[in-house]
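What follows is a set of notes on a single structure, which appears directly below.
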Amino acid sequence: MQGLANKNILITGASSGIGQAIAWRFAREGCNVAINYRSDRKGAESTLASAEPGRHILVQADVSREEDVTRMFAEVLAAFSRLDVLINNAGIQKPSPSEDLGAADYDRILDVNLRGPFLCSREAIRHFLSRPGGGVIVNNSSVHQVIPKPKYLSYSITKGGLDNLTRTLALEYAGRGIRVNAVGPGAVVTPINNAWIHDPKAKAEVESHIPMGRAANPDEIAAVFAFLASEEASYITGQTLYACGGLTLYPEFRTAWSSGE
Ligand code: NAD
């Protein structure tokens, strides 16, 4: 992708799943990657071990904790001197009927999925504004930015909130060389979906709802991050690009059932 070689990238939650695939993709593009992890050091080491060579580093931080995030940025800038791209990827979910949803679980999901991107974006923007050249932020949202997800109330709220984080920061900094966009994946084969990815029957049930008939592999999502971070997306800001196999196309309307055909 044009303009990515030698860029310095920080990816949150890069010890598994989509974050790991994004790290590998940016390393293949010739970037130096700061691989953030919260507690899964082994996972982060496996991201590093399979990445194309580069000046990659591991950085521990819980993205929901302000002191962790400021320390992480200090470590990244000490190692790289300059950061070009922030990928807000870390995210969690936990199912619960909304009437049983505990306030602590609700808060934790908002802290990781929404406070984390705020804290990391703020630090990145402070750095981008401190030197010439601007910068890029790409958030990992979800189709649940626009599709409600019953029993995942706090997750849905965070992804809806990420849309406004993306659009507001994009507008606020458009004139200062900073682009802010998001990727909206559908169902992707990663550990967040352990409930169904290893069970062929459950996987088939999930895939029966997807117009393209299959879940995505993480590389297909990582490619969209690479595009939005690259110069090929130089005129795009404030947008969410859905990579969802058609899930946002109202699949129930595949047949014209509402018109009696
Ligand atoms: P995953 O569970 O493999 O990845 C989540 C990552 O976030 C893990 O590496 C985890 O350690 C990290 N993390 C969790 N809490 C953290 C914290 N406090 N600080 C730092 N890191 C933390 O699952 P994934 O599917 O790769 O999820 C990545 C992102 O993709 C999430 O934001 C998720 O909402 C989004 N997403 C996933 C799917 C899907 O179907 N897999 C679909 C849409 C969106």
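Computed from a predicted model, the values in this text were never measured in an experiment. Counting starts at 1 for both ligands and their atoms, following the listed order.
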Could you tell me which atoms of ligand 1, counted from 1 in the order shown, lie closer than 4.0 angstrom to a heavy atom of [X]?
| X | value |
| --- | --- |
| Ser141 | 35 (C), 36 (N), 43 (C), 44 (C) |
| Ala187 | 40 (O) |
| Ser15 | 9 (O), 11 (O) |
| Asn36 | 20 (C), 21 (N) |
| Asn140 | 28 (C), 29 (C), 30 (O), 32 (O), 35 (C) |

Distance from Arg179 atom CZ to Phe128 atom CZ, nearest 0.5 Å?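 So the CZ of Arg179 and the CZ of Phe128 are separated by 10.5 Å.
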
Atom OG of Ser15 and atom CG of Asn89: how far apart are they, to the nearest 0.5 Å? 9.0 Å

Is it true that atom CG of Asn6 has more than 12 heavy atoms of other residues, nucleotides or ligands lying nearer than 6.0 Å?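 Result for CG/Asn6: open.
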
Is the count of non-hydrogen atoms from other residues, nucleotides or ligands lying under 6.0 Å from Arg167 atom CZ greater than 12? no

Is the closest heavy atom of [X] to ligand 1 under 4.0 Å?
| X | answer |
| --- | --- |
| Ala61 | yes |
| Lys159 | yes |
| Arg108 | yes |
| Gly186 | yes |
| Val112 | yes |
| Asp62 | yes |

Indicate, as side chain, backbone, both or neither, the part of [X] found under 4.0 angstrom from ligand 1 when only non-hydrogen atoms are considered.
| X | answer |
| --- | --- |
| Ser39 | neither |
| Thr190 | side chain |
| Ile18 | both |
| Asn193 | side chain |
| Tyr155 | side chain |

If you take all heavy atoms of Val112 and Pro117, which pair is closest and at what distance? O-CD, 3.4 Å

Can you find an N or O of [X] that's nearer than 3.5 Å to an N or O of ligand 1?
| X | answer |
| --- | --- |
| Val143 | no |
| Asn89 | yes |
| Ser142 | no |
| Pro185 | no |

In this structure, atom 6 (C) of ligand 1 is nearest to the protein heavy atom Gly13 O, 3.7 Å

Just need the protein heavy atom nearest to atom 1 (P) of ligand 1, so name the residue and atom and give the distance.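 The protein heavy atom lying closest is Ser16 OG, 3.6 Å.
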
Check this for me: does any side-chain nitrogen of one of [X] and [Y] sit under 4.0 Å from a carboxylate oxygen of the other?
| X | Y | value |
| --- | --- | --- |
| Asp68 | Arg115 | no |
| Lys201 | Glu205 | no |
| Glu67 | Arg71 | no |
| Glu123 | Arg126 | yes |
| Arg38 | Asp40 | no |

Protein heavy atoms: any of them under 4.0 Å from atom 35 (C) of ligand 1? yes

Candidates Gly91, Ala21, Gly17; heavy atom nearest atom 5 (C) of ligand 1 found on Gly91

Just to be sure I'm reading this right: ignoring hydrogens, which of Ile192, Val189, Ile197 gets closest to atom 27 (O) of ligand 1? Compare them by their nearest heavy atoms.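 Comparing heavy atoms across Ile192, Val189, Ile197, the nearest one to atom 27 (O) of ligand 1 lies in Ile192.
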
Under 3.5 Å: donor-acceptor pair, side chain of Thr190, backbone of Ile18: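 No: the side chain of Thr190 does not pair with the backbone of Ile18.
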
Qualifying residue, where the test is side-chain contact (heavy atoms from CB on, under 4.5 Å) with Ile125 and the options are Ile137, Leu86, Val180: Ile137

Parallel, tilted or perpendicular: which one describes the rings of Tyr152 and Tyr155, with boundaries at 30° and 60°? perpendicular

